[in-house]
Amino acid sequence: MSSPTTRDRTCDQCSFRKVKCDRQYPCSKCKALSFTCSYDKPRRKKGPTGKRIGLLRSERPTQPWQQQLTAVVPTNESSPPTDGFGLTYFPSDPRTPLSLICPTPPQDPAFNLSSFSVSSYLPVVSYPSQSLESISADLALLQPSPSTVTWPTLATDEEINSLINAYFSRIEKFLPLINKSTFLSRLHANEHTRNIHFGSLVLTMCAFTLLQPVMKQDDSETNETRVFKERMQTAQSMISAAVSMRDSDATFAENPTLDSVLMSFFLFSCFFNCQMHHAAWFRLQEAVTLAEIMGLQGKRDGWKEVLSDDEREQRMRVYWVLAVTERAYALQRHHSLIRTSASTGKATSVLAQNLFFSLSAAGLDTMVELYKVVDAELIDCWNGRCATADGRCTKMSAERAINMHKMVANAYNHDMLDPGCPLNETQRADLAISQQWLHNRLWQLCLSHGVLNVDSATATDHRELSLTYACDIAQKTIEICRSLAMESMEVHGIGIMEKLYDIASSVVGLISCFPWIEGQRNRDLQPSDREILNQYIAILATFRGGQHPYLLPLMTEITSLPSPA
């Protein structure tokens, strides 16, 4: 039997900080940091309630792939549940995969993948009599000839042109990866029907455009159920065709092209939008690996001298986008950094200033500066896996935390932009919200490492090290969102809503574990922390009409807060 001072679970404060608790009352961690140790927070019940089980059984479709689509696509026959505000939501946890595009629905009979069968290209190899040259010649047979490349009938010229135009009109502003004129020239020359790597790139770009909140440029289209479901199925078919096309060349990774790198990156983007994070991480690492083989980071001797200025700049631009994306995604999904490394200089130091990427150069350079704070040395600390000595991590200190906050703050200033700044509102939305999200993650890092000043009576010269800094970040982020058009945030997809959810959720957890904070702050604070949280609900409800997995969990967390004293 447990002693009266021993509890059977982690205390509220250690649970919020995500650190190991000795389950005493008070526990040693709370005593060391002068926290008020408590075990008041109610436990969450696991699994659905009896009513939900009956509802799930009554709505379960007959086909497995229909079951996955029904979980995320509203239909006329069975409308999704609504909350008290009349908002439609997805009944899922923000970490639950939406599985929009897998597994594959019944194949369109008009689309035949038989021409991509790898088995039809396998050579007859006899060992051990063949020489190395002979084996290499046989392996070359694995590469399909132009005559074997079949463009899927589902992707009409009209459909492709519409989606590609939508990509370049909106998405290209924050993903400066492709030379528009060169790409369109190749497309109009029908290279995608002869080159499987360019063809698969075209298809994944179109699928990504469908899965982003940027639709085909047709005013007659709306977000009706039928249109939404058709977009998802079209994107799925394009992804399946693109993967089959590229995989028909079993040796594509031996001498990868930039088309292959970009195709893997757009696959990552598609899976990320569908909340399929294991598949997304795999494709992102595939893109990074192919880029490493190509030497996009400039480590391969001689390639810079043989390329044109446009080609050289595009390769470096792709590498920097991969480096930033890997850092952001590793931080979001608790992965380790593998290959890409931040340079001590700016990205523009190796890029020409008057080429086709010049308009977006400042935005990418600033994003690189922001994410330099996420390095391989501390990534395990960020993700809660740091090595400890005597129960404490020796890598993180107050001085280091202050310097990291300064690095993030100095990379970008949303309030003091030069009127002649080349950044457009789409770029500024991504930069400003990413900056505040990094401040929030730094605050969480300091909280878990015991670096924050938790004594409200003790003044500090560094606001970043106060316990209530998470509330300041949340208020600043709301001010930024009010200065931006929703369209400028929507174009970045579901990722930007996840960052807003993380920022708001930190405030909810803080108030839940330290109720005295709310009463102390709200005496002279306008608006109050709860009013700020309600503004987050309004933003998340407006984004895609609330059709995403972050609105309902945040509403549930906020309504579960205790009444203010």
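Numbers here simply count residues along the sequence, with the first being 1.
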Chemist: I want to check something: taking the side chain as every heavy atom from C-beta on, are Ser512 and Leu561 in contact at a cut-off of under 4.5 Å?
Modeler: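 Yes, their side chains come closer than 4.5 Å.
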
Chemist: So, the side chain of His548 versus the backbone of Leu540: is there a donor-acceptor pair under 3.5 Å, distance only?
Modeler: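 It does hold such a pair.
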
Chemist: Assess the residue pair Asn403 and Glu399 against the criterion (side-chain hydrogen bond (donor to acceptor under 3.5 Å, both in side chains)); give the C-alpha distance rounded to whole Å, side-chain angles, the decisive distance to 0.1 Å, and a yes or no.
Modeler: CA-CA 6 Å; Asn403 290 334; Glu399 182 180 3; 4.6 Å; no

Chemist: Considering all heavy atoms of both residues, which atom of Gln275 and which atom of Tyr550 are nearest to each other, and what is their separation?
Modeler: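 Minimum heavy-atom contact is OE1-OH, 3.1 Å.
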
Chemist: Think Arg7 forms a cation-pi with Tyr39, using NZ or CZ under 6.0 Å from the six-ring centre and within 45 degrees of its axis?
Modeler: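 So Arg7 does make the cation-pi contact.
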
Chemist: Which atom names give the shortest non-hydrogen contact between Arg385 and His335, and what distance separates them?
Modeler: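 Minimum heavy-atom contact is NH2-C, 4.0 Å.
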
Chemist: For a side-chain contact (heavy atoms from CB on, under 4.5 Å) with Cys446, tell me which candidate from Val451, Ile402, Asn453, Leu467 qualifies.
Modeler: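 Result: among Val451, Ile402, Asn453, Leu467, Val451 is the only option passing the side-chain contact (heavy atoms from CB on, under 4.5 Å) with Cys446.
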
Chemist: Keeping the roles fixed (side chain from Arg317, backbone from Pro176), state whether a donor-acceptor pair exists under 3.5 Å.
Modeler: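 A pair under 3.5 Å: no.
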
Chemist: Does the distance from a Lys or Arg side-chain N to an Asp or Glu carboxylate O, for Glu498 and Arg333, drop under 4.0 Å?
Modeler: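 Answer for the salt bridge query: yes.
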
Chemist: Using side-chain heavy atoms (C-beta onward) and a distance below 4.5 Å, is Lys29 in contact with Cys11?
Modeler: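 Not touching, per the 4.5 Å side-chain cut-off.
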
Chemist: I need the Asp22 CG to Cys14 SG distance, nearest 0.5 Å.
Modeler: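 Here the rounded value is 7.5 Å.
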
Chemist: Taking the side chain as C-beta and beyond, is there a heavy-atom pair between Phe265 and Leu175 under 4.5 Å?
Modeler: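 Yes, their side chains come closer than 4.5 Å.
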
Chemist: Under a 4.5 Å cut-off applied to non-hydrogen side-chain atoms, are Trp382 and Arg327 in contact?
Modeler: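 No - every pair of side-chain heavy atoms lies 4.5 Å or more apart.
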
Chemist: Could you pull out the closest heavy-atom pair between Cys381 and Leu445, with the gap in Å?
Modeler: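 Heavy atoms only, the tightest pair is O-CD1, 3.3 Å.
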
Chemist: Taking the side chain from Glu531 and the backbone from Ser528, do they hold a donor-acceptor pair closer than 3.5 Å?
Modeler: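 Here the side-chain-to-backbone pair exists.
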
Chemist: Does the distance from a Lys or Arg side-chain N to an Asp or Glu carboxylate O, for Asp415 and Lys476, drop under 4.0 Å?
Modeler: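 Yes, charged N to carboxylate O under 4.0 Å.
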
Chemist: Are any side-chain N or O atoms of Ser397 and backbone N or O atoms of Arg400, one a donor and one an acceptor, separated by less than 3.5 Å?
Modeler: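 A pair under 3.5 Å: yes.
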
Chemist: Are the aromatic ring centres of Phe272 and Tyr329 under 6.0 angstrom apart?
Modeler: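 So the answer is yes for these two rings.
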
Chemist: Asn440 and Gln444: side-chain donor and acceptor closer than 3.5 Å?
Modeler: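 Their side chains do contain a donor-acceptor pair, which is all the 3.5 Å distance test asks for.
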
Chemist: If we ignore hydrogens and angles and just use 3.5 Å, is the side chain of Arg283 paired with the main-chain N or O of Leu267 as donor and acceptor?
Modeler: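 Not a single qualifying donor-acceptor pair exists.
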
Chemist: Within the 4.5 Å heavy-atom criterion, are Phe35 and Phe514 side-chain neighbours or not?
Modeler: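 With C-beta onward as the side chain, the pair touches.
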
Chemist: Just by distance, do the side chain of Thr325 and the backbone of Val321 share a donor-acceptor pair under 3.5 Å?
Modeler: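 Yes.
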
Chemist: Distance from Leu284 atom CG to Leu322 atom CG, nearest 0.5 Å?
Modeler: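 One finds 7.0 Å between CG of Leu284 and CG of Leu322.
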
Chemist: Roughly how far, to the nearest 0.5 Å, is the CD1 atom of Ile433 from the CD1 atom of Ile503?
Modeler: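 Spacing of CD1 (Ile503) from CD1 (Ile433) equals 7.5 Å.
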
Chemist: Without swapping roles, check the side chain of Asp375 against the backbone of Leu378 for a donor-acceptor pair under 3.5 Å.
Modeler: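 At least one qualifying donor-acceptor pair exists.
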
Chemist: Under 4.0 Å between a Lys/Arg side-chain N and an Asp/Glu carboxylate O for Arg530 and Glu518?
Modeler: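 So Arg530 pairs with Glu518 through a salt bridge.
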
Chemist: Take Gln212 and Arg170 through the test side-chain hydrogen bond (donor to acceptor under 3.5 Å, both in side chains) and record every step on the way to the result.
Modeler: CA-CA 10 Å; Gln212 283 284 102; Arg170 293 282 302 281; over 6 Å; no

Chemist: Looking only at heavy atoms, which two atoms of Gln13 and Cys37 are closest? And how far apart?
Modeler: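 Between these two residues, the closest heavy atoms are OE1-CA, 3.7 Å.
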
Chemist: For the CD atom on Glu479, are there more than 12 heavy atoms of other groups (residues, nucleotides or ligands in this structure) within a distance under 6.0 Å?
Modeler: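 Yes - once you tally the heavy atoms of other residues, nucleotides and ligands closer than 6.0 Å, there are more than 12.
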
Chemist: Run the side chain to side chain contact (heavy atoms under 4.5 Å, CB included) check on Asp529 and Ile511 step by step: do they pass?
Modeler: CA-CA 9 Å; Asp529 291 330; Ile511 295 176; 4.1 Å; yes

Chemist: Just do the side chain to side chain contact (heavy atoms under 4.5 Å, CB included) check on Leu510 and Leu447 with the steps written out, would you?
Modeler: CA-CA 11 Å; Leu510 184 65; Leu447 178 68; 5.9 Å; no

Chemist: If you define the side chain from C-beta out and look only at heavy atoms, does anything of Tyr371 sit under 4.5 Å from Leu438?
Modeler: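 Heavy-atom side-chain distance check passes, below 4.5 Å.
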
Chemist: Do Pro26 and Lys31 touch side chain to side chain, with heavy atoms closer than 4.5 Å?
Modeler: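 They are in side-chain contact.
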
Chemist: Do Phe268 and Glu326 have side-chain heavy atoms sitting under 4.5 Å apart?
Modeler: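 No, side chains not in contact.
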
Chemist: One pair to check against side chain to side chain contact (heavy atoms under 4.5 Å, CB included): Lys41 and Ser15. What are the steps and the verdict?
Modeler: CA-CA 10 Å; Lys41 192 173 181 179; Ser15 175; 5.8 Å; no

Chemist: Mind checking the CG-CD1 spacing from Leu177 to Ile171? Nearest 0.5 Å is all I need.
Modeler: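 Rounded to the nearest 0.5 Å, the CG-CD1 separation comes to 11.0 Å.
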
Chemist: Do you know which two heavy atoms are closest between Val408 and Gln435, and how far apart they sit?
Modeler: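 Minimum heavy-atom contact is O-NE2, 2.9 Å.
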
Chemist: Measuring from Cys481:SG to Ile496:CD1, what's the distance to the nearest 0.5 Å?
Modeler: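 Here the rounded value is 7.5 Å.
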
Chemist: Where is the tightest heavy-atom contact between Tyr536 and Ile473, given as atom of each residue plus distance?
Modeler: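 In this case the closest contact between Tyr536 and Ile473 is OH-O, 4.5 Å.
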
Chemist: Using ring centroids (six-membered ring only for Trp), state whether His405 and Tyr469 fall under 6.0 Å.
Modeler: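 Here the rings of His405 and Tyr469 have centres that are less than 6.0 Å from each other.
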
Chemist: With rounding to the nearest 0.5 Å, note down the distance linking CG in Leu431 to OH in Tyr412.
Modeler: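 Between Leu431 CG and Tyr412 OH, I get 5.5 Å after rounding to 0.5 Å.
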
Chemist: Are Arg17 and Leu452 close enough, and set up right, to give a side chain to side chain contact (heavy atoms under 4.5 Å, CB included), and what steps lead you there?
Modeler: CA-CA 11 Å; Arg17 296 172 60 221; Leu452 297 181; over 6 Å; no

